[in-house]
Every structure is written in C-alpha cells, then in structure tokens.
Amino acid sequence: MSQFWKAWQKRKKTLQEKALHHHADRSMERVADKELSLEVDENIIMIEQELGRCDDLVVRRFRDKRGTDCAIVFLDGMVDRNVISEYIISYLSNPQIPDILPASNELESTDGLRQVIRNILSGSAVLMRDGDNKAYLNNTRGWDRRGVDEPQTESVVRGPRDGFCETLCVNSALVRFRLKDPHLRVRHMVIGRRTQTDVYVMYIEGLAYPPMVREVLARLEKINVDSILESGYIEQLIQDRRWSPFPQLQNTERPDKVVANLLEGKVAILVDGTPAALIAPAVFTQFYQSPEDYYERFYIATLLRFIRAISITIALLLPSLYIAFSSFHPEMIPSRLVIAMAAGRSTVPFPSLVEALIMEVAIEILREASVRLPGPIGPTIGIVGALVVGEAAVTAGLVSPVMVIIVALTTIGSFASPSYSAAISIRMLRFLVMLLAGMFGLYGIMLFLIVLLIHLSSLKSFGVPYMSPFSPLNLKGMKDVFIRAPHHLLRTRPTMFHIQDEIRMREEENREQAGR
Amino acid sequence: MAKGWVRLAVLCVCVFLLTGCWDRRELEERTSVLAIAVDMVEGHEGLYRLTVQIPIPLKIAGSSGQGGGNADAVKIMSVTGRTILDANNNLQIRLNQKLFLGHTRVLAVSEEVARKGIRDIMDTFRREPQIRRLLWPIVVKGEAATLLRFKPQLGQIPVVFLMDLIENGAKMGTIPDQTLGDYFSQTSNKAMQPFLNYVEASTTEVRWRGVAVFSDHKMVGTLNAVQSWSFLQLRNEERGGDVIIPLPGTNNGYVTFRPHFVKTRLDLKRRKNKGPHAAMFSCELEGDIVEVTAVMKMPPEEFIRQMQRLIKKEMDKRAKKLFHQLQKEYNSDVLKLGLALRAHHYRDYWQKHDWKKDFKNFPIDVDYTIKIRRLGMEMQ
Amino acid sequence: MNRQGVSSRQQTFSMWQQTSLITSTLIGVGILTLPRTTSAVLYEAGWMSPVIGSVVALLSIWMIARLSQRFPGMTFVEYSAIVWGSPKYLRMGKWLSLPWILAYLSCMYLATGIVSRVFGEVVVTSVLLDTPLEVIIITMFVLVFILSLHDLDVVARINELLLPLILLPVLIIALASFQKAEWSNLLPLYRASLPSLFKGAFEAIYAFSGYEIMLIFFAYAHENESKVRAGVYGIAITMVIYTLIVVAGIAGFGYEELQRVAWPTLELVKTTKVPGLILERLESAFLAVWVTAVFTTVANAYYAFIYGLRQLFNRGIGFQRIISAIMFVPLYFITLWPQNVVDIFRFNFYFGVFSLVINLGIPFLYLTLLFIRDLGRKQKERNADG
C-alpha cells in the first residue's frame with residue numbers, strides 16, 4: 001500500500017519536473033540572431049529571407065539629402081503611411097532640415113536582426129542606411145481600429161459610456177485617464193509564441209498585496225502557448241482551479257470597473273486585441289455586483305443587488321423547484337393551484353423533468369440563435385420563438401402553461417446578472433440541478449447546493465477565498481456585499497484582498513461633511 | 001477536485017440510468033383526494049363507508065382552455081371497509097392512479113360515527129405521513145357524505161367552498177379553526193377534551209351549526225351557534241358572532257351588538273385561601289352597537305349604559321347555560337379548565353383530585369364586562 | 001511531519017469558524033426528537049434539560065479547550081503521545097495512548113453511522129416514501145466523501161456558510177409556532193423528581209454530543225485564547241436553539257402529545273403556518289434544509305475521524321482521500337445494522353452513554369494526567385533545587 005503510494009508520488013513529481021524544464025522553442029527564437037551589415041541591400045535580403053514570401057512587406061528605397069542610400073521596410077496596413085512619407089522620407093530628403101534621423105516620436109536603434117524582424121511584425125517602420133549597421137525603428141503603428149465605444153455586454157443606465165477597444169495602448173490610456181495615481185504600475189509582457197501578444201499588468205503599488213502581484217506575474221510568465229487571441233486564453237490558463245465551472249477572474253469591458261477594482265487592491269490584466277480586461281482575484285460577489293451600484297444612491301443600489309441575487313437564484317433553481325414540487329411534493333403547492341396545475345399538465349405526455357428539460361433546451365437554442373442572428377432580426381426571432389412556439393406548445397398540450405412561465409422567468413433571471421461569464425456558469429449548472437431534482441426532489445436540490453457550496457468554499461482566486469467575505473466571515477467586508485452601505489460608511493477598503501492601505505476616506509473630512 | 005466532479009457526474013448518471021426515480025409521481029399521476037367522509041354502513045356493524053371527493057382538473061373552469069362550464073367538477077366515490085385503510089385500498093383498486101392524501105383538507109365524520117368513537121379512525125390519520133395536521137375534521141349531522149355531495153353554486157369545488165367558509169369564519173372569529181393537529185393534542189392531553197366543528201349539509205347548502213363536544217374520542221353532544229360563540233369567547237378569546245337581543249319594553253325591537261375585541265382572564269381562586277377551588281372567567285367584550293330596530297328615546301349616555309347592562313345579562317345567561325350543558329349534560333372539559341388547574345394548582349389541586357370525575361361539580365362562574373365603543377355611523 | 005501536514009498547519013480557524021464548527025456539529029438529528037425525549041422524563045419542564053445538559057457540555061468543552069491550549073497547533077492524536085509518554089518517550093506514549101485514540105476515533109465513526117441512519121429514516125418515513133433507505137444513506141456518504149477530499153480550511157468555511165441555513169429554519173419554525181402555543185402547557189414549572197431531572201438532562205446531553213470533534217479541530221485555532229470562548233459560544237447558541245424548540249414543542253402540543261409522535265419537531269413544522277407564504281406544508285422544505293444540519297454533523301465527525309486516522313498514520317491528504325473512501329464500506333453496513341426505528345433509538349441511547357464517557361472521560365483523564373505530571377516535575381525541580 002505505502003510502496004504503491006510512494007511510487008505514485010514519485011511519478012507525479014517527475015512528471016511535474018519534466019513539464020517545468022521543458023522549454024518549448026519560441027518561434028521568434030528561430031530567427032537567426034545575426035548582426036546587421038553595413039549594406040542596405042544585404043540587410044533587406046536578410047529580412048526577406050526571414051520573413052519568407054511576404055507580399056505585404058513594403059521596401060521603399062530613397063536617397064536622403066546627403067545622398068546616402070536608405071530604405072524603409074514596413075508591413076503594409078500596419079503603419080501610418082502619412083507619418084512615413086511626411087516625417088521620414090520628406091523629412092530626411094529635405095535639404096533644409098539638418099537632421100539625419102527621422103522626426104519620429106519613438107525612435108530606437110538596433111543592430112540585431114531579430115529585433116528588426118520583431119518590430120516590423122508589430123508595425124514599426126525600419127529605416128536602414130548604407131554604411132550604417134544600425135537599423136532605426138520608428139514607431140509608426142497605425143492601423144484602422146475600432147474607436148472607443150459603449151460596451152455591449154455591460155451597459156449601465158448611469159455611468160461612463162466608454163468601453164475598452166481592441167487596442168492595448170488606448171485601453172491603458174482609458175485607465176490612466178481615470179486614475180492619475182503615480183503609484184499605478186504597468187508591467188508589459190509578451191505572451192504567445194506566435195501571436196506575440198502584448199499584455200499589460202496593472203496594479204497600484206501600496207494597495208495591491210505584493211505577493212499576489214508576484215503570483216499574477218509568475219503565472220503569466222509560466223504561460224507557454226503559441227497564441228493568445230483573447231483574454232479568455234489567459235484567464236483559463238492562469239486560474240487556480242481549471243476544472244471549476246466558475247470564473248475565477250473577472251472580465252470587464254468597462255474602464256471604470258477596472259479602476260474601481262484597482263483601487264481595491266486587485267490586479268488588472270489588459271490584453272492587446274481584445275476589449276475584455278481581466279481582474280484578479282475574483283470572488284463570488286461579482287455575480288451580482290455592478291459598477292453602477294456605486295453611482296446610484298445606496299438604497300437603490302442595495303435594492304438592485306437584492307434583485308440581482310434573487311434573479312440568480314431563480315435562474316439556478318426555479319425549474320428544479322418546479323420539478324421537485326410538481327412531481328415530488330405536490331402537497332406543498334396550495335390546493336387551489338394544484339388543481340389548476342394538474343389540469344394544465346393532464347395532456348402533457350412527459351414527466352415534468354423531461355418537460356422542463358425540453359423547454360430549457362429550447363430556450364437556450366433560441367438564445368444562442370438570437371446572438372448569432374444579424375442585429376435587427378435577432379430580437380424578432382427571439383419574440384417569435386418564445387411567444388409563438390411557447391403558445392403553440394401549450395395549445396398543443398406539449399407543455400403546461402406553468403412551465404412556460406417558469407422558463408421565461410428563468411431566462412430573464414439569468415440576464416439580470418451583470419457579469420455574463422458568471423451568469424453562463426449558472427445557466428449551465430441549472431441543468432445539473434434539474435436532473436438531481438428529478439431524482440430526489442427537494443432533497444436532490446439540497447444535495448446539489450451542498451456540493452456547490454463545498455466547491456465554492458474550496459475555490460480560491462489568487463489566494464483569496466472565493467466565498468469571502470461570507471466565509472471566512474468578514475463583518476467589515478459585509479457592508480459592501482448584499483447591501484451597499486452609503487459611501488460615508490465605506491471608509492475603508494475591503495480587507496479580504498489583503499489590502500495594504502485600508503483608508504479610503506479620511507475621517508476628518510467625513511465629519512465635516514456630516515456637520516454640514 | 002477535477003476528480004471529484006468527474007466522480008459526481010459519473011455517480012449522477014449511474015443513479016439516474018440504473019434506478020430511476022423512486023418517488024417521482026407527476027401531478028396527473030396522483031388522484032388527489034380533497035375530502036374524506038366517514039359514515040356507518042346501515043345494518044353492518046363494524047363497517048365503515050368511506051366517501052372521497054376527487055377534483056376533475058379538466059372540468060374546472062379557468063384551469064385550461066377546454067372544459068369548464070356547469071359539468072360536475074368533482075367525482076364522488078364511496079367504498080366500504082372494515083377500517084379506514086381497508087376502505088382506502090378498496091377504493092384504490094377502482095382507480096387508475098395512486099390515491100394522494102396530501103391535499104385532503106376536510107375530514108367529515110357523521111354524527112353516528114362520532115358518537116360511537118373515532119379513536120380507531122384517527123389512528124390511521126396519525127400514522128399516515130401524507131395527511132396534513134392542518135386539515136379540518138368536521139362532524140356532520142346526518143350522513144357525512146352529503147357534505148361532499150353538496151353543490152355550491154358559488155364555487156365549483158365543494159371542498160374549496162367549505163375551506164373558504166371555515167377560513168373566513170375563523171378570520172371573523174365566528175367559527176373555530178379547529179384542525180386535526182389540535183384535535184390530536186387535545187385528545188392526548190389529560191387535562192382537556194377536544195371539540196370539533198359541527199355542520200349540517202343538504203344537497204345545495206352547508207351550514208355551520210356549532211361545535212360537537214367530545215369526551216375521550218366520543219362525541220357527547222353539541223353546542224349550538226350562540227353557545228359556541230360564548231364558548232369561543234371564553235376559551236379562545238375569539239369574538240364570536242353578533243349578539244342579538246330583544247329590547248325590553250318594545251314590540252319586536254332588537255338590538256345587535258357586534259363584539260370586536262375579547263379579553264378573557266381565568267382566575268382559579270380558592271376562597272379565603274383554603275376552601276374549594278373555583279373558576280372565574282372574566283371576559284371583557286369590546287364592540288359596537290350595529291343595529292337597533294326600535295326608537296329609543298333617551299340620551300346616548302343612558303342608552304349605552306342600558307345596553308351594556310342588557311348585553312351583560314344576556315351574555316352571563318348564555319355562559320351559565322354553556323357551563324351547565326358542559327358540566328351536567330356532557331361532562332366534558334373543552335374549556336381547558338383542567339389545563340389551567342394543572343398548570344397553576346398542580347400540587348394543591350391536581351394531584352389530589354380526579355379531574356374526570358370532579359369536573360362535573362367544579363364551580364365555574366363568569367363575569368362579563370361589556371364596553372360599547374361606537375354606535376355605528378349613527379349617534380344614537 | 002509530511003508536506004501536507006505542514007501546509008495545513010498554516011490554515012487557521014477564526015473564532016467564528018470554530019463556533020460554527022461546534023454549533024453546526026451539535027445541531028443535527030437530535031433536534032427532531034429532542035422535544036419528545038426531554039419531555040418524556042421532565043413533562044412540562046422538558047426545556048430544562050437542554051439548559052442543564054449544556055452545563056455538562058460546557059464543562060467538557062472547557063476541558064477540551066484547556067487541553068488544546070496546552071498544546072497549541074497539535075491535535076488530540078498528536079499530543080496524546082506526549083501526554084502519555086513525554087517528548088523523550090514518544091514511542092511509549094504512542095502505544096499507551098492508542099486505546100484512547102482508538103476509542104475516540106471509533107466514537108466519531110459510530111456517530112457518523114448513527115446520525116446518517118436516523119437521517120435516512122426520517123427522510124424515508126416522511127418525505128421520500130418509496131426511495132430506498134440505502135440510497136439516502138449513500139447520497140449522504142457521497143456528500144461527506146466530497147468534503148473529505150478537501151483540506152481542513154474548506155471544512156471550516158463550509159460550516160461557516162451553512163450555519164445560518166441550519167439556525168434560521170429552526171428559529172423561524174419555533175417562533176412561528178408560538179402563534180398557536182398553549183402556554184399553560186409549560187406549567188407547572190417543575191414537578192418531576194431530582195433523579196428524573198438528571199435523567200432528562202442526560203437526554204439532552206446526547207443531543208449536545210458532537211463537540212468532541214474539537215479535540216482535533218481546536219488545533220488549528222487562530223488564537224490560542226479564543227478556544228474557550230468559541231466553545232462557550234458554540235454551546236450557548238445550540239442551547240438557545242434547543243431550548244426554543246423544546247419550548248415550542250411543549251407549548252404547541254403538550255407533553256402527552258409529544259410522547260406519541262415519532263418526530264415532534266417535524267410535526268411542529270406541519271402545524272405551523274408561516275403567514276404570507278405561498279407554499280403550504282413546509283415539512284418537505286424543512287427536511288430539505290435540515291439536510292445541511294445533518295450534513296455538517298456527519299461530515300464534521302467523519303472528517304475528524306479521517307483526519308485523526310491520517311495523523312495516526314502520519315500521512316498526507318492523498319491518504320486521507322483514499323482511506324475516507326475505504327472507510328465508508330464498513331460504515332455502510334454499520335449504518336444498516338439496526339432493524340427498525342425502535343432499535344435505532346435504543347442504539348442511539350447506548351451510543352449516547354458511550355460518547356458521554358468519551359467526552360467527559362478523555363479530557364478529564366488527560367488533564368489529571370498532566371496535572372499529576374506537572375506536580376511530579378515541580379517536585380523534581382524542588383528536589384533539584386534543594
């Protein structure tokens with residue numbers, strides 16, 4: 001027994017070590033790390049060799065005012081052509097201007113081929129001159145990008161309308177614009193062997209718990225994957241529990257949400273090419289909290305939080321409660337209602353579990369379809385599907401009228417959660433509860449809830465228990481969980497993220513306010 | 001944890017596929033019994049006739065598009081058996097779906113059965129987990145099944161009509177909300193006796209006739225509506241119905257007093273700290289004059305004083321009659337006097353006396369205080 | 001110590017977590033029968049027995065906490081060796097303490113079995129009438145097994161999360177049933193004899209058993225000083241809940257009726273109408289929520305058992321996972337041993353005596369042993385001085 005045990009442990013350890021020491025070849029490393037030569041032509045040939053057949057590679061040769069042969073190499077479409085023609089070519093050719101280097105706002109020089117290739121690929125224009133073994137890398141990045149737009153998934157009634165876009169520098173600017181704190185730290189990383197995606201890790205020094213920041217950075221560094229196309233890749237690669245159905249990092253398109261979270265001592269991860277920023281660590285409360293809560297007065301915000309909490313419960317449990325009540329505990333339904341329900345069900349040929357499953361699957365199909373459908377048609381199909389099909393199904397006696405109400409409430413309930421990725425896990429778990437409710441009734445639902453709670457309380461996101469501040473109980477943190485206490489009472493930041501500087505609002509100022 | 005989830009999923013699937021769901025029984029796969037009536041079978045000693053009322057969902061208007069209308073919304077079935085469960089089983093073999101007693105709201109017992117004793121009937125209901133403790137056992141004058149058969153024009157399902165009748169009565173304080181659970185605890189309790197509602201039913205109507213008084217599972221008599229109200233005032237502090245009294249000195253003049261609030265205190269004092277124990281109910285009725293059918297020519301102050309005196313006299317008289325009936329005729333302590341004696345005079349009375357024998361001669365007195373608050377919308 | 005052992009050392013329980021561990025372990029199947037068992041001997045004054053019983057429980061938990069305070073960071077299994085031997089003669093201590101540890105562990109193990117059986121019995125007789133008892137027991141075991149896959153801190157957190165779910169329904173039911181209560185049922189205040197008072201208290205002591213899990217769990221307390229306080233709070237909360245439910249039962253039914261019903265608290269739920277609620281007949285809902293109470297009782301006891309075994313064999317979390325799966329097999333058969341409800345209640349009674357002996361005896365024995373050895377050491381020191 002114990003020998004087997006030891007052998008097993010040993011095997012596990014060696015496997016882990018193997019994984020650790022395995023260095024995958026980075027595709028950039030395959031580029032020959034040669035030095036540039038003095039000849040422009042030779043350099044161009046080297047570049048073309050490395051990039052292979054690249055028809056969008058533009059090589060523009062010209063002669064500057066001193067008569068030196070120059071060449072500019074860039075990728076078509078990734079650069080701002082105006083900048084190149086005006087500030088590089090015209091500038092250098094113009095005899096009235098004495099400068100021999102272009103008037104670029106970001107100019108670096110290098111003599112390594114690898115550096116050159118990397119910069120060409122990320123949109124720089126590379127200037128090379130005869131007799132100079134250095135290449136000048138001009139930041140001329142400028143491709144057509146989507147502007148700052150209102151986020152589609154997290155719209156609020158009150159609050160800023162700008163959302164992240166696909167460009168990293170714009171996104172970080174949106175955060176900076178709101179947070180002019182000199183302690184805001186931005187760490188740049190490149191992840192993805194082939195995509196070479198830029199990633200910014202943002203945190204506020206003095207607020208964020210340093211070990212947590214280190215942990216985030218370490219996990220990001222450990223990522224060894226060929227591509228990062230969306231922040232979801234990163235989210236799934238660095239989360240604590242890979243098999244959990246719950247999102248362990250929060251994602252948002254809202255810069256104000258990112259700033260608010262940074263101020264609570266969390267870490268934000270911005271990824272180039274996607275509007276979804278990641279926030280770590282995430283806790284369970286994200287399921288029903290929205291940045292809007294802090295913009296509206298606290299009564300309303302508290303009420304809204306309750307409503308969201310209820311709607312999540314409905315989205316998770318309502319169909320299974322229906323199953324449990326109607327096929328296990330009909331004595332719990334009021335007598336008057338039970339007769340009406342029995343009448344509605346009398347033509348239904350399936351047990352209520354199957355009935356509920358059919359309807360829930362149907363509504364999920366409708367929902368998925370209306371997401372894919374082109375803009376104006378989507379809602380129409382949704383209404384047609386929900387109303388017409390539902391009505392027809394009831395008339396045909398395939399489902400009971402109560403079931404239609406339940407399905408509708410469930411679907412609406414799942415939309416009330418401010419976080420899409422959180423709500424989607426609820427939507428998924430709903431089917432599991434329905435199965436259990438179909439087996440054991442209310443007892444089954446309770447079994448599920450207990451397992452769910454065990455799982456939730458075993459989850460940790462970057463060292464922060466997922467269920468905090470409920471457990472471990474943090475009474476101070478409870479002010480901002482179900483209720484949203486008025487701002488003057490939220491003097492301290494939540495401590496569950498190991499905040500370094502607790503004070504959000506100084507007491508003296510507050511007293512002044514109260515006296516007024 | 002990954003393994004945990006996988007294991008859980010595998011287990012769920014296995015349980016689901018291998019065994020199915022033992023207790024799953026859809027709504028339409030249960031025959032809900034809304035009411036049960038128990039009668040004697042004439043000429044067959046020891047046989048019960050069980051009548052049940054089963055709603056027919058499709059016939060009930062408003063439940064779904066089709067059906068509705070005037071057709072019978074309920075099915076009445078009668079079976080006989082030696083015990084309740086025997087009858088129940090006989091009924092089951094005549095039905096396509098399983099009988100479901102979870103929605104049984106009324107248990108009607110005929111007076112004949114009640115007088116014979118209902119301990120053996122109640123045992124079935126005590127053991128059956130589906131039975132509600134909140135269902136209403138009712139003693140029916142004559143045949144109990146008539147209560148199930150009657151057709152209320154105001155509602156489709158007789159039992160729902162009956163439920164509303166009792167619920168409304170309980171809310172107004174005129175009908176006691178005496179449930180099966182109450183009956184159980186009262187029969188178990190050595191210091192009191194149970195009572196049940198007593199109704200009379202015909203083919204179209206049902207009427208509350210007061211309460212049936214029990215003694216050790218056996219019905220011993222009834223109290224009529226007026227006495228039941230006095231009884232309710234003294235026992236449950238419920239207001240009871242309107243008090244209608246003929247006005248003295250007038251021709252066919254009546255005054256109606258509607259009590260709104262009742263406060264009852266029970267004093268078990270011993271005269272001069274020794275003597276025998278005696279019970280004294282002090283009952284304060286607070287209410288309005290709602291009807292005066294004769295012209296009274298007197299100032300309001302005088303009128304109120306006179307009315308208070310009149311009502312007090314009437315209430316005292318009713319209570320005395322109630323005590324007389326309970327003690328001398330029925331010998332059943334439904335007033336919970338014994339409980340109070342046991343609670344407050346355990347050592348000096350309860351241990352030394354056999355309450356079952358002594359109740360008959362226990363001195364009980366009552367003192368009503370009438371407080372007329374308003375005269376309705378009139379000033380006189 | 002192995003790797004896992006060290007890592008779990010760092011996980012600490014806050015005082016509230018310890019309190020909820022105690023309370024949620026205590027409140028279990030006992031609450032369903034408590035009004036009946038207590039009023040069987042004490043009649044109207046049945047509510048006294050949880051009050052008196054809590055005193056015994058308090059004494060016992062105080063001893064357990066004191067014991068744990070002397071060995072901070074060590075569980076019962078670990079410090080037993082030191083108590084019976086000494087740091088020098090650890091091996092001897094291990095062997096000497098083995099019977100006590102085994103008695104304690106088997107107590108935990110049996111508790112798991114009995115509680116799950118009673119639970120299954122209630123569910124099968126009142127809600128899921130056609131479901132086999134075995135299935136209910138197995139599902140409960142599965143839940144417990146899932147918990148035992150996790151580390152200690154999860155146990156503390158889950159107890160903390162579930163505690164409101166355990167307390168609230170009982171509180172609501174107790175308070176709602178006061179509407180129809182017959183207060184005279186609670187009088188006369190006292191009429192039973194003194195011996196029967198103790199007998200009644202014993203019934204409640206059984207309902208209070210379960211806190212012995214703290215022999216293990218106190219080791220991971222946040223602060224050494226909070227242990228006694230956590231114990232007192234945990235017992236006090238339970239006492240209030242128990243007293244409330246017994247008062248509600250007696251006032252609602254009268255003690256005679258209580259003797260006749262198998263699960264008085266459940267009957268209380270049946271008679272209770274929560275005003276304004278859409279649903280009727282709350283007993284299924286109550287039982288469903290009550291699953292959490294049983295789960296915490298069973299899971300905590302089983303976890304203590306498994307954790308004790310793990311420490312006894314000096315192994316890690318992987319061992320814990322495997323052994324917890326294996327130990328369910330004999331437990332399953334133990335659970336199905338009693339033939340019927342009457343048998344179960346008899347077993348329950350014997351087990352109550354056994355656990356009382358363990359709960360009071362072990363801490364007392366250990367404390368006395370330590371006391372004597374302290375005396376001995378002082379004597380020696382004095383001798384050395386003199």
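Proteins come first, then strands; the chains are lettered A, B, ... in the order of their sequence lines, and each starts at number 1.
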Quiz item: Would you say the side chain of A:Arg219 lies within less than 4.5 Å of the side chain of A:Lys222, judging by non-hydrogen atoms?
Solution: no
Quiz prompt | A:Phe246 and A:Phe284 aromatic ring geometry - parallel, tilted or perpendicular at 30°/60° bounds | solution = perpendicular
Quiz item: Do any of residues 285-298 of chain C come closer than 4.5 Å to chain A, heavy atom to heavy atom, and if so which ones, in number order?
Solution: C:Ala285, C:Ala288, C:Val289, C:Val291, C:Thr292, C:Phe295
Quiz item: Between C:Arg281 and C:Glu283, is there a salt bridge with N-O shorter than 4.0 Å?
Solution: yes
Check residues 440-448 of chain A and write down every donor-acceptor pair under 3.5 Å in which the side-chain atom is one partner and the other belongs to a residue at least two apart or another chain.
unit_1	atom_1	unit_2	atom_2	d
A:Tyr443	OH	C:Ile136	O	3.3
A:Tyr443	OH	C:Thr139	OG1	2.8

Quiz item: What option among C:Asn159, C:Ile158, C:Leu162 has the most heavy-atom pairs under 4.5 Å with chain A?
Solution: C:Ile158
Practice problem: Tell me yes or no: between the side chains of A:Glu355 and A:Ser400, is some donor less than 3.5 Å from an acceptor? | Solution: yes
Self-check item: Region of A:Ser335 that comes under 4.5 Å of a non-hydrogen atom in chain C
Solution: both
Quiz item: Checking A:Met467 against chain C: side chain, backbone, both or neither under 4.5 Å from a heavy atom?
Solution: side chain
Quiz item: Excluding sequence neighbours, so at least two apart, what forms ring pair (Phe, Tyr, Trp, His ring centres under 6.0 Å) with C:Phe328?
Solution: C:Phe141, C:Tyr302
Compile the donor-acceptor pairs under 3.5 Å between side chains in residues 119-133 of chain C and protein atoms, sequence neighbours left out, one pair per line.
unit_1	atom_1	unit_2	atom_2	d
C:Glu121	OE1	C:Arg117	NE	2.9
C:Glu121	OE1	C:Arg117	NH2	3.2
C:Thr125	OG1	C:Glu121	O	2.7
C:Thr125	OG1	C:Val122	O	3.2
C:Ser126	OG	C:Val122	O	2.6
C:Thr131	OG1	B:Asp23	OD2	2.3

